[in-house]
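Right, one structure below, let's go through it.
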Number of protein chains: 2
Amino acid sequence: MVEPKKKGRYHHGDLRRALMDAALDLVQEKGPHGFTMREAARRAGVSSGAPYKHFADRDALMRELLIEGAERMNAYMAERMASEENATQRFRAMGVAHVTFAVENPAYFRVMNTPEFLDPEADGRIVQLIEQSQSSMFDLLKEAREKGEIATYDPLIVALAGQCLTYGLARMFVDGHLSHLGLGSEHAEPLAIAVTEILGLGLEPRDP
Amino acid sequence: MVEPKKKGRYHHGDLRRALMDAALDLVQEKGPHGFTMREAARRAGVSSGAPYKHFADRDALMRELLIEGAERMNAYMAERMASEENATQRFRAMGVAHVTFAVENPAYFRVMNTPEFLDPEADGRIVQLIEQSQSSMFDLLKEAREKGEIATYDPLIVALAGQCLTYGLARMFVDGHLSHLGLGSEHAEPLAIAVTEILGLGLEPRDP
DNA sequence: CCTACCGATCGGTAGG
DNA sequence: CCTACCGATCGGTAGG
C-alpha cells in the first residue's frame, strides 16, 4: 500500500519530480525568467538548499524540463502523424500538432524556446532531439516530393516555411498576441488547419 | 557650439535618451529580462536613483522602448512598401520588412514581443500602433482580393498566415534558432523572400 | 533534507 | 542628479 504523501512534504516521495512540476507551474505563471529555485523549493515544501541535491543549478533544472518537453512533443507528433495517409498529410499534421502541443503545454513550449536553456554545449541530448525531429521532417518532404505531392522547391526552404508558420502561430497563442481578437486556445487547431491549408494551396488564385 | 559631453556624464545632456539606449544595449546582450534600472543608470554614468526622474519604473521605460520600436517598424514598413507596384507585392514587402527589421533591430523586436510590456491597459498608444498596422494590412488584402490577385480566403486567416510566417521567421533568427544551420542575419531577407513566395504559390504543384 | 549563512543585486524612495 | 538607505529576494554552499 502506498502511503499518501503528507501535504507539502516529499521526504519519501519524488522530490525531483515535485520540483520539476513546481517549476512548470512557475513558468506558466510568470514566464521562464520568473522561475527561481527557492520558489520551486517552497512549493515542493522543502528548504531552499534541497533542490541542489537533484540539480546542479537552475539552468540544469530548466534543461531537464526542456528535454522532457521535447520528448513529449516528439511523441505527440508521431502519434498525430500515424493516422495520416500520405506524406503531405503527415507533414501538415506535424505542423498542426506543433501548435496544439504548444497551446496545451505552454510551459514546456516556453522553456523549449528560451534561447539560454537551449545550449547544445550543456547537454548532448538537446542536439539529438532536434536532429531527430528535423530528419523525420526531411524524410517526409523527400517522400512528398518524389510522389509529386508537392512542387519542386528546395526542401530546406519548405521545411523552414512550415516551421515558421506553425512556430509563429504557436508563439502568438502562447504569448497572448491573439487574445485581443477573441481567439482562445480552442481556436488553435482550426486556425492551424486553416493556415497550413493556405500554405498548401497558395495565396494566388488557381484556375482549374 | 555644442559642448562635447564629458565621458559618462549627462548632466547637461539627454539622460532620458541615454537611459533608453543603454536599455537597448542591455536587452541585446541579456534579453528583456536581463535589463535593470541600475545597470542602465551605471552605463549612462549616473546614480541609481536618477532614472526615476524620467521613468516611473522599469516597466515604464520598457514601454517607451516598445512604442519607439513600433513607430520605427511602422515607418520602415511604409518605406519598403512604397516602391511596390500592387497590393500583393506590398503585402509581401510588409512581411519581408517584418523580418529584416527584426534582424536589424533585435532589441526593439524583443521588447516589442515581450508579453508583459505589451499591456494595453498601461498605455493607449500601444493599442493605437497595433491597430494602425493591422488596418493597413487589411486594406492591402481587401484591395488584392478585389483585383483578383489573391484567392477568396477569409482575410483574417490570410492576415494571420502572413503574420505567423514572418513573425516565426523573425523570432527564429533573433533567438538564434537558425545559427546551427549556418544561417546568419545576411540570410534574413533572401529567406523571407523565399518563404513568402511559397506562401504565394502554395506547396501543391500547379499545372499550367 | 535542514539550518544557517554569504555575497550580490535589485526596485524604489527620502531628502536634499 | 546625488547620497544614503530600506526591504526583499536570489543563487549557492557549509556542515551536519
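Letters A, B, ... mirror the listed sequences (proteins, then strands); counts begin at 1.
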(message) Please report the distance, rounded to the nearest Å, between CZ in B:R16 and C1' in D:dC1.
(response) 17 Å

(message) Heavy atoms from C-beta onward define the side chain here; which of C:dC10, D:dG11, C:dT3 lies closest to that of A:M37?
(response) D:dG11

(request) Go through D:dG12, D:dC2, C:dG12 for me and flag the one nearest to the B:V46 side chain. (result) D:dC2

(request) Using distance alone, with no hydrogens and no angle criterion, decide if B:E116 and B:H33 have a side-chain donor and acceptor under 3.5 Å apart. (result) yes

(request) Rounded to the nearest angstrom, tell me the gap between atom CZ in B:R58 and atom P in C:dT9. (result) 16 Å

(message) With a 4.0 Å cut-off on N to O distance, would you call A:E64 and A:R125 a salt bridge?
(response) yes

(message) Quick check on the 6.0 Å ring-centre criterion: do B:H187 and B:F173 meet it?
(response) no

(request) Rounded off to whole Å, could you give me the NZ-to-C1' distance for the A:K30 and D:dT9 pair? (result) 11 Å

(request) To the nearest Å, give me how far apart CG (A:L19) and P (D:dG12) are. (result) 14 Å

(request) Let me know, please, whether A:F35 or B:S48 comes out on the 5' side of the other along DNA chain D by nearest nucleotide. (result) B:S48

(message) Can you tell me which nucleotide in D:dG12, D:dC2, C:dC1 comes closest to the side chain of B:A50?
(response) D:dC2

(request) May I have the distance from B:M62 (atom CE) to C:dG11 (atom P), rounded to whole angstrom? (result) 10 Å

(request) Give a yes/no on whether any side-chain N or O of B:T36 is located under 4.0 angstrom from OP1 or OP2 of C:dC10. (result) yes

(message) Checking base pairs now: Watson-Crick or wobble, both atom distances under 3.5 Å. What partners D:dG16?
(response) C:dC1

(message) Is it the case that the base of D:dG11 and the side chain of A:R38 share a donor-acceptor contact (distance under 3.5 Å, atom types as modelled)?
(response) yes

(request) Sort out the partner of C:dC10 for me: Watson-Crick or G-U wobble, both distances under 3.5 Å, none otherwise. (result) D:dG7

(message) Here's a test of your reading of the structure: between B:A56 and B:K53, which maps to the more 5' nucleotide of DNA chain C?
(response) B:A56

(message) Under a 3.5 Å cutoff, is there a donor and acceptor pairing between the side chains of A:R171 and A:Y167?
(response) yes

(request) Could you check how far CZ of B:F55 sits from P of C:dG11, rounded to whole Å? (result) 14 Å

(message) By nearest atom, which of the nucleotides C:dG11, D:dG12, D:dC1 is closest to the B:Y52 side chain?
(response) C:dG11

(request) Could you check how far NE2 of A:H33 sits from P of D:dG11, rounded to whole Å? (result) 13 Å

(request) Quickly work out the B:D59 CG to C:dG12 P distance and round it to whole Å. (result) 8 Å

(message) Between B:R145 and B:E149, does the salt bridge (Lys or Arg N to Asp or Glu O under 4.0 Å) criterion hold? Intermediate values first, please.
(response) CA-CA 6 Å; B:R145 206 172 117 159; B:E149 294 171 16; over 6 Å; no

(message) Go nucleotide by nucleotide along DNA chain D from the 5' end; which of A:G49 and A:R42 gets its closest nucleotide reached first?
(response) A:R42

